[in-house]
Amino acid sequence: MIKVAVLGYGTVGSGVVEVIQDNNALISSRLDDSIEVKYILDLREFPGDKNEKLVVHDVNVIMDDPEISVVCETMGGAGAAYEFTKAALNKGKSVCTSNKELVEKHGPELIALARENGCNYLFEASVGGGIPIIRPMNTSLAPEHIDRIMGILNGTTNYMLTRMSEGGVEYDDVLKDAQELGYAERNPEADVEGHDAGRKIAILASLMTGKTVRYEDIYIEGITKIEAVDFAFADRLGRSIKLIASAQDKDGELSAMVAPRMLSKDHPLSGVSDVFNAIYVTGNMLGDVMFYGKGAGKLATASAVVSDVMELAKAARDKVTLPCRWSAERVQLKDCSDNRLSFFVRTASGEADRLKGALKNAREIAQIDGQTGFITDEMSERELSDAVKGMDVRMIRLD
Ligand code: HSE
């Protein structure tokens, strides 16, 4: 019998309990062992909940119980979650999590701690919700040199951009809509400013290199400056606008960025709409492969956590260390201003001649709602910002 403890009975934690209980017969038969949630740790009481008797408030009840071999950390944050994860690993209990903040900050340390204690630390649900991406990176893609990862890693902003692309709706209205639907938090900063996607691409870039890519080293730009008129220009160009998190290895130098991009409509990420996420990976032998699905939501994310529970239970039985190449050595990222690409730029039509004079390689594409839009030839980000210094210009990168 595999006995599991779930730390945090919020959206994901309650989903984990639901998946284990509702799919119990199937999970048990695939594990060749029965599985049960023995404890749920939460500060709150849950009167009337069918699992209220499993709720404990003292983490030591879990840590001191030798029957618990797997702990699911679904608390979030990097405070108590960090302490409880270390305590469990030090006791030889394997841990899995959906907590991207903790994984991004302390991933290599927790993986090493698990190894020292003969157990494992897994984090499939920390990136892309229910989409399998961490395990494929560690196993199926192991023979590949990963040249590039491009992802739509945030459901809230993808929903917002999709709505804006459809109806000429402005940013503030679509944010209100996303909040009413429960996608965006009341304080939506982590999503709309790109921080959530930044943490997720930091984790993927770390697995891509086997070293540590820190979120604070990544250039991050959110969607707050995108306006309805940008979609009108994108439409003229046969392009969509997506918040893209990317990491690229070029001649041994890694660059990483989160920023809105205008994608050509035949790019595989262009058709990823609403709250869906997708991760487009280019390997040097395999070529392109794309992972697509629900990047957030209770049961989708919980399903990924439970897939880790099953891996951990099997690994504990077979006494194996699961593959994960992620050392603490910090990667020095390439300065994004050296990236060479084409840009969409727009300015008030009264300023268009000045912009044309400053950017000799820009082709005018249209005038819409008092704005004139241009496409540049390939140039570096630095060359562009130097050329338009002091001018009121909006820019979106092309891909
Ligand atoms: N706020 C995140 C999103 C949830 O919208 O994608 C999943 O990390």
Side-chain angles (χ1 to χ4, degrees), residues 8 10-16 19 72-78 81 96-105 107 122-134 137 149-165 171 174-207 215 218 220-224 226 241-246 258-261 269 272-280 291-308:
T11 306
V12 179
S14 61
V16 168
V19 171
C72 303
E73 182 274 296
T74 49
M75 301 167 62
C96 56
T97 187
S98 54
N99 183 343
K100 58 196 163 265
E101 188 184 344
L102 184 61
V103 174
E104 190 278 325
K105 259 194 186 139
L122 295 183
F123 43 92
E124 182 59 68
S126 65
V127 179
I131 305 172
I133 181 62
I134 303 294
M137 291 280 294
I149 297 176
M150 272 179 90
I152 294 176
L153 298 179
N154 183 267
T156 303
T157 46
N158 203 43
Y159 170 80
M160 291 172 66
L161 293 175
T162 303
R163 288 285 84 81
M164 285 179 84
S165 75
Y171 175 86
V174 90
L175 174 59
K176 234 175 92 207
D177 188 20
Q179 280 167 326
E180 272 162 21
L181 284 165
Y183 297 147
E185 308 284 336
R186 197 157 320 147
N187 177 359
E189 197 182 319
D191 292 318
V192 297
E193 296 290 2
H195 303 303
D196 175 78
R199 289 202 168 88
K200 292 167 177 169
I201 194 67
I203 295 171
L204 293 182
S206 298
L207 296 179
Y215 141 80
I218 296 176
I220 293 176
E221 200 180 293
I223 63 163
T224 52
I226 303 286
I241 303 175
K242 298 287 177 192
L243 183 67
I244 299 293
S246 60
V258 176
R261 299 234 175 196
L269 290 174
V272 176
S273 300
D274 295 311
V275 285
F276 281 87
N277 282 194
I279 303 129
Y280 184 67
F291 302 82
Y292 169 86
K294 283 189 186 158
K298 175 174 164 166
L299 291 178
T301 308
S303 174
V305 176
V306 177
S307 81
D308 279 351

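Atoms within each ligand, like the ligands themselves, are counted from 1 in listed order. Residue numbers count from 1 along this sequence.
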For P260 and I241, which heavy atoms make the closest approach, and how far apart are they?
CB-CG2, 4.4 Å
Evaluate A296 for polar contact with ligand 1, using N/O atom pairs at a separation under 3.5 Å.
no
Report, in ascending order of atom number, the atoms of ligand 1 lying under 4.0 Å from any heavy atom of D191.
1 (N), 2 (C), 3 (C), 5 (O)
The atoms of ligand 1 lying under 4.0 Å from a heavy atom of G155, numbered in the order shown, are 3 (C), 5 (O), 6 (O)
CE of M164 to OH of Y171, rounded to nearest 0.5 Å, is 8.5 Å
To which of N154, T301, N99, T11 does the heavy atom nearest atom 3 (C) of ligand 1 belong?
N154
Say you draw a straight line from CG of N154 to CG of N277; how long is it, rounded to the nearest 0.5 Å?
7.0 Å
Below 3.5 Å, N or O to N or O, backbone or side chain included: is there any such pair between Y183 and ligand 1?
no
List for me each residue that meets side chain to side chain contact (heavy atoms under 4.5 Å, CB included) alongside E193, sequence neighbours excluded, and say none if there are none.
E189, H195, T224
Judged by atom type as modelled, is there a donor-acceptor pair below 3.5 Å linking the side chain of E73 to the main-chain atoms of T97?
no
Can you list the atoms of ligand 1 that are under 4.0 Å from a heavy atom of K100?
8 (O)
For P188, which of T156, D196, T157, L175 qualifies under side chain to side chain contact (heavy atoms under 4.5 Å, CB included)?
L175
What are the atoms of ligand 1, with element, lying closer than 4.0 Å to any heavy atom of K200?
6 (O), 7 (C), 8 (O)
For ligand 1, indicate whether the residue D196 contacts it via side chain, backbone, both or neither (heavy-atom separation under 4.0 Å).
side chain
